[in-house]
*Asks:* 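Would you mind keeping the following structure in view while I ask a few things?
Residue numbers begin at 1 in each chain, while the letters A, B, ... track the order of the sequences.
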Amino acid sequence: MARFLSPETFRTATEDLSLLPFNFERTGANQYLVANMVGDFIRLTEDELSRLVDLRVRPGDGLYEKAYAAHLVSGANQKAQRQLLAARLRSRMSFLQQSTPLHIFVVTLRCEHSCPYCQVSRQSTDRSRFDMSEETAMRALDIAFASPTSRIKIEFQGGEPLLNFPLIRKIVAAAKQRSGKKLDFVIASNLALLDDAVLEFCKENNVLLSTSLDGPADLHNKNRPRPGANSHELAVAGIRRAREVLGPDWVGALMTTTEASLDRVDEIIDEYLQLGLDGIFLRPLSPFGFAIKTKQFAKYDAQKWLAFYERGLRRVLEINRQGTPFREFYATLLLTRMLSDRPIGYVDLRSPAGAGLGALVYNYDGSVFASDEGRMLAETGDDAFRLGHVERDSYNSLILSDKLIGAISSSLTQCAPECSTCVYESHCGADPVYHHATQGDALGIKPLSAFCARQKGIMGLLLDILENSPEDAAILRRWAAA
Amino acid sequence: MTLPLYGTASQSAGFSSDKARSVLRLRSVDSAAERHVADFALARTPADIRRAIEADWPSILVVSDGSTDLPGQFTGQLVAVSPKYDYLADGDVIGFDHVSRKFRTLYRRNSAHNSFLVTERCNNYCLMCSQPPKDVDDRWILSEIKESLPLVDPATRGLTFTGGETLSDWEDFIAVLKECRDWLPETAIQVLTNGRAFADSRIVDAWKEIGHPNLMAAIPVYSAVDHVHDHVVQAKGAFDETILGILKLKDRGQRVEIRVVLHALTAPIIEDTGRWLARNVPFVDHVALMGLENTGFAIANDAMLWMDPVDYGDGLARAVDYLSAAGINVSVYNLPKCVLPKSVWPHALQSISDWKNGFVEECDGCDEKNACSGFFTTGRPRFSRGIRAITS
Ligand code: SF4
Ligand code: SF4
C-alpha cells in the first residue's frame, strides 16, 4: 500500500521564512490593522504583530497561515507570492498606461449665476473678453489628440458653457473629424439654458450632461443665486427633461457641500432619490479660489465633514436595505480599490497624481492647467499649476514641464513621509494641488491635512461596515463588483 | 450504472505480429461514410456479419456471446467481444492489443464525457488520487492517442486529457495537442494538469504556441497556504510551482480553470480558499469546486478525508459568493442538490461522467433528479446523511 507523508513534512523551517512588505496602524488597545503591498487588510493583535515582525512564526501555529494567505510572509526561496503581488500591483497601476484621458475646455468664463463659492465665473456680457476663441479651441484639440491614450473625454466647462454653445458645436464636429481616438463628450452645465436645440445636439452626438444639484430648493438656491432665484427649479426641470430625451444614463448631477449642507444630508440624498438618479457623490467643499477668499472653506473642518459623510452613507445604505439600489460614488471608487485590483485613475485616488497625467485644462484664454483646481488657484494669483499656453506648447512640453514633474514627483504617496508607511496607502492618492493650496507645498504635512483626515476617516468607516455589518457589507461589495 | 470500458476480446484474427496494438473505429454495417483503414464493421447478429461480408468490409467487430464462425472466404480482421460491451456504437474508437486481446474503449461518439488517459506517471501523489500514479514507461499511450485523433468525430463538443500528470512528457504531449488543433479545431479541449510544469517558461511558451482555439488547462489549488496544499498533493514546493504556473499561463493569455476537490483537509477552509482565489486570481476563466470521488487513494485515506458535504455547505456557499462577486465563473461539481444550500444550486452541475453516474432509491421521488449530479458509482461510494428527496 502507498506510503503517505505527514503534514509536518511539508512545513518550511522558520529560518527559511522571510517577510514581505506591509504597513500597519494601531486601531485599538490590542489591535492592529495590517495591509499587504496591494492593500489587502487583516487585523492582528499586538502579540501577533510582534511575533510576525520578529519572524517568531512557524507553519502550523495559525499565525503563519493567516500571514501567509495575506502575503505578509513567504518562504525565502518561493516565487509565487512575489509574482502574484507584482501582477496585482501592475494591474492596479495600469491606469498609467492611459496618459491624459480627460481634456477640459473652458469655453467661457461667463455665467448667469453668482455662486459665492464659485472660484472663476464672471457676470459679463463681454464675449470677446471671456469666451474661448475658435483658434484657441483648435490648438487645444491638437494637444488633446497628441496625448498617448486611445480614448479621450472632452469636457466642456465654464462659467456656464452653454453661453458659448456655438463653440461647443464646432469643437465636437472638429474632434469627430479627426481619427485615431475613441471620444466621449460631457457638458458640465447648470442647465438653466437647456433647450431643445441643445438636447437634440446631445442626442445626436452622444454627449453626456453633468449638472449641479446641491439638495432641496432653499439650500440649492442659497448656494446658487441667480436673477429670479430659480436655479433649483431650472436644474430639476433640466434633469427631468434630459432624462426623458437622452435616457437616464446620459445625465448626472454633482453636489457641492457648503456649511449649510452639513446637517441636511438626508434631505440632500432624498432629493437625488426622488429625481430617479442612481446615486450621489458626497463631495467635500474645495478650498480653492473664491472659496478660500470668502472664508467658506474655513468654516468647517474635516471632522464635521466626516460626520456629514457617515450620516449620508448610512442613509444611502438604508435606502438600499429598503430595496432601492442607490450608490454613494466616492465610496464606490474607494471600495473598488479596496476589494479589487481594477485600475482606478480617478484624480484624487492615484499616485502618481492625476494632475496633467489624468487631465489637462484649457482655459478660455489659451493657458493650460494641470487641473481644474489649478485654474482656480490662478484666479487668485497663484500660477503654480499653469503649465503653459496652447500657442507656444505641445502635449510633450506641457507634460514634461518642470512644474508638472516637480509637483508629481514630490507628492508620490509611495515615498512620502506618513503616506509611505500608511496602512491605507494602496487605496489613497497624491493631491499636490490641494496640498499646495492649503499648505503651500505639493507634498504637504499629512497630519495637518484635511484631505488625509477624510481619506483615513472614510476608509476606516468602510472597513468597519465591511467587517461588522454583514447586510450593509453585502451592499458595499456589490458596489465594488465589476 | 458503471460502463465497462476495459476488457479482453473473446476472439481475434487477422492481426499482423509486426505491430503490438491497433486503434479501431466502429462503423455500422450499412455506413455510407468513407472507409478508413482503421474502420471495423460493427456486427451484433449472424445476419449483420453476412451483410458486412457482402458489403466487402475487410474488418469486423462482433458483439455476441457465442463463438463467432466466419465463412471461410473471409480473410480480413476479426475481433469478438461479449455482450457486456453492447453499448459500443457507430463512431466509437477502441484500442486493441494484438497478443493479449485486451482492449479499452477510448472514445464514445455519443458521450459528452470523453477523456483520454495520457500517462499514469505523476510528480504529485495526491492523498485522494482517483488514478494512483505508477512509475512505468507508458509512452505507448501517447502514440495510441495520436493514432486515435483522426478517427474522432470532428463535431465532438469536448475532450478531456487526464493522467497522471499529462505534462510528464511535455514535448510529446504538446505534439498531441497540436494534432488536436489540426483535427479537432471545433472541440473544447480540456487538459487536467497539476500545473507545476508551467513554472518552466519553456513549457508555457510551447503551450501558447499550440494555438488551439479552445484549449483550457484545469489546475488544482487546494489552499491559500503552501504547506496545506503541498500536504494534500504530497509534494513539497508544489504550491509555489502551481501558482507560478497559473500566473505564467494567464500572462500569456491562456485559459485556466482552477479545481478544488473538497474533503476533510480542504472543505473546512473552503471559504478562505475561495476568498483568496477571488482576491488574487480573479482573472482565471473558471473555478470548479468538486465533491470527492471515493475511489483510488481516497478509499485508503478515507479516515483522513471523508467529510459529509452537509457539514461544509455553508462555507461552500460563502466561497461561491466571494468568487461570483469577483466576476469569476464558478461551478460546483459532483455534489447532489439535496446536500447543498439553495444559493449554490444555480452553480451545481451534472458533472459526473455518464459511464460512472448513478442515483439511489431516495432519488426516485425527487423533483430535482433531472438537474442533479447524482453519485459516482465507482470505487466505494459514501453517502451524505443529508440525502433527501426534494419535493415542492
Ligand atoms: S494622505 Fe493620509 S490616508 Fe492617504 S496615504 Fe497619505 S497618510 Fe495615508
Ligand atoms: S434526492 Fe437524489 S436526485 Fe434528489 S437532490 Fe438528492 S441526490 Fe439528487
*Asks:* Just give me the residue among B:Val232, B:Leu244, B:Asn280 that pairs up with chain A most often, heavy atom to heavy atom, under 4.5 Å.
*Replies:* B:Asn280
*Asks:* Using 4.0 Å as the upper bound for N to carboxylate O, is an ion pair formed by A:Lys66 and B:Asp272?
*Replies:* no
*Asks:* Does B:Asp135 CG have over 12 foreign heavy atoms under 6.0 Å away?
*Replies:* no
*Asks:* Flag the pair B:Asp321 and A:Arg477 as a salt bridge only when some basic side-chain nitrogen lies within less than 4.0 angstrom of an acidic carboxylate oxygen.
*Replies:* no
*Asks:* Which residues pass the ring pair (Phe, Tyr, Trp, His ring centres under 6.0 Å) test with A:Tyr64, sequence neighbours left out?
*Replies:* A:Tyr68, B:His227
*Asks:* Using non-hydrogen atoms and a limit below 4.5 Å, what part of residues 314-327 of chain A faces chain B?
*Replies:* none
*Asks:* A:Gln83 side chain to B:Leu247 main-chain N or O, any donor-acceptor pair under 3.5 Å?
*Replies:* no
*Asks:* Out of curiosity, B:Asp240 CG to A:Lys79 NZ, how far, rounded to the nearest 0.5 Å?
*Replies:* 8.0 Å
*Asks:* With a 6.0 Å cut-off (strictly less than), is the heavy-atom count around CG of A:Asn468, excluding the residue itself, greater than 12?
*Replies:* yes
*Asks:* What's the spacing between A:Phe10 CZ and B:Phe239 CZ if we round to 0.5 Å?
*Replies:* 14.5 Å
*Asks:* Would the number of heavy atoms belonging to other residues, nucleotides or ligands and lying under 6.0 Å from CZ of A:Phe95 be above 12?
*Replies:* yes
*Asks:* Using heavy-atom distances under 4.5 Å, tell me whether A:Arg90 contacts chain B through its side chain, its backbone, both, or neither.
*Replies:* side chain
*Asks:* If you compare all heavy atoms of A:Arg337 against all heavy atoms of B:Arg279, which two are closest, and at what distance to 0.1 Å?
*Replies:* O-NH2, 4.2 Å
*Asks:* Step through the shown structure and confirm whether more than 12 heavy atoms of other residues, nucleotides or ligands are within 6.0 Å of CD on B:Glu209.
*Replies:* no
*Asks:* Not counting sequence neighbours, list each pair that qualifies as a side-chain hydrogen bond (donor to acceptor under 3.5 Å, both in side chains) and has a residue in residues 292-302 of chain B.
*Replies:* B:Glu293-B:Lys356, B:Glu293-B:Thr378, B:Asp302-B:Arg382
*Asks:* Take the angle between the ring planes of A:Phe4 and B:Tyr125 and call it parallel below 30°, perpendicular above 60°, tilted in between.
*Replies:* tilted
*Asks:* Can you confirm whether more than 12 heavy atoms, excluding those of A:Glu467, are under 6.0 Å from its CD atom?
*Replies:* yes
*Asks:* Taking side-chain hydrogen bond (donor to acceptor under 3.5 Å, both in side chains) as the test, write out the residues that go with B:Asp200, two or more places apart.
*Replies:* B:Arg202
*Asks:* Non-hydrogen atoms of chain A under 4.5 Å away: do they reach the side chain of B:Cys126, the backbone, both or neither?
*Replies:* backbone
*Asks:* Check each atom of B:Val281 against the heavy atoms of chain A and say whether the ones under 4.5 Å are side chain, backbone, both or neither.
*Replies:* side chain
*Asks:* Does any backbone or side-chain atom of A:Leu85 lie under 4.5 Å from a heavy atom of chain B? Answer side chain, backbone, both or neither.
*Replies:* neither
*Asks:* Would you say that A:Thr12 contacts B:Lys236 through its side chain, given a criterion of any heavy-atom pair below 4.5 Å between the two side chains?
*Replies:* yes
*Asks:* Once rounded to the nearest 0.5 Å, what's the spacing between atom CZ of A:Arg11 and atom CG of B:Asp230?
*Replies:* 11.5 Å
*Asks:* To check you understand the geometry: which heavy-atom pair defines the closest contact between B:Ala325 and A:Ala481, and what is its length?
*Replies:* O-CB, 3.6 Å
*Asks:* Quick check on A:Arg56: does its CZ atom have over 12 non-hydrogen neighbours (other residues, nucleotides or ligands) under 6.0 Å away?
*Replies:* yes
*Asks:* Distance check, rounded to the nearest 0.5 Å: B:Trp276 atom CH2 versus A:Asp40 atom CG?
*Replies:* 10.5 Å
*Asks:* Got a sec: does the NZ of B:Lys250 have more than 12 other heavy atoms crowding it under 6.0 Å?
*Replies:* yes
*Asks:* What part of B:Ala199 gets within 4.5 angstrom of chain A, counting heavy atoms only: side chain, backbone, both, or neither?
*Replies:* neither
*Asks:* Between A:Arg88 and chain B, with a heavy-atom cut-off of 4.5 Å, which part of the residue counts as in contact: side chain, backbone, both or neither?
*Replies:* side chain
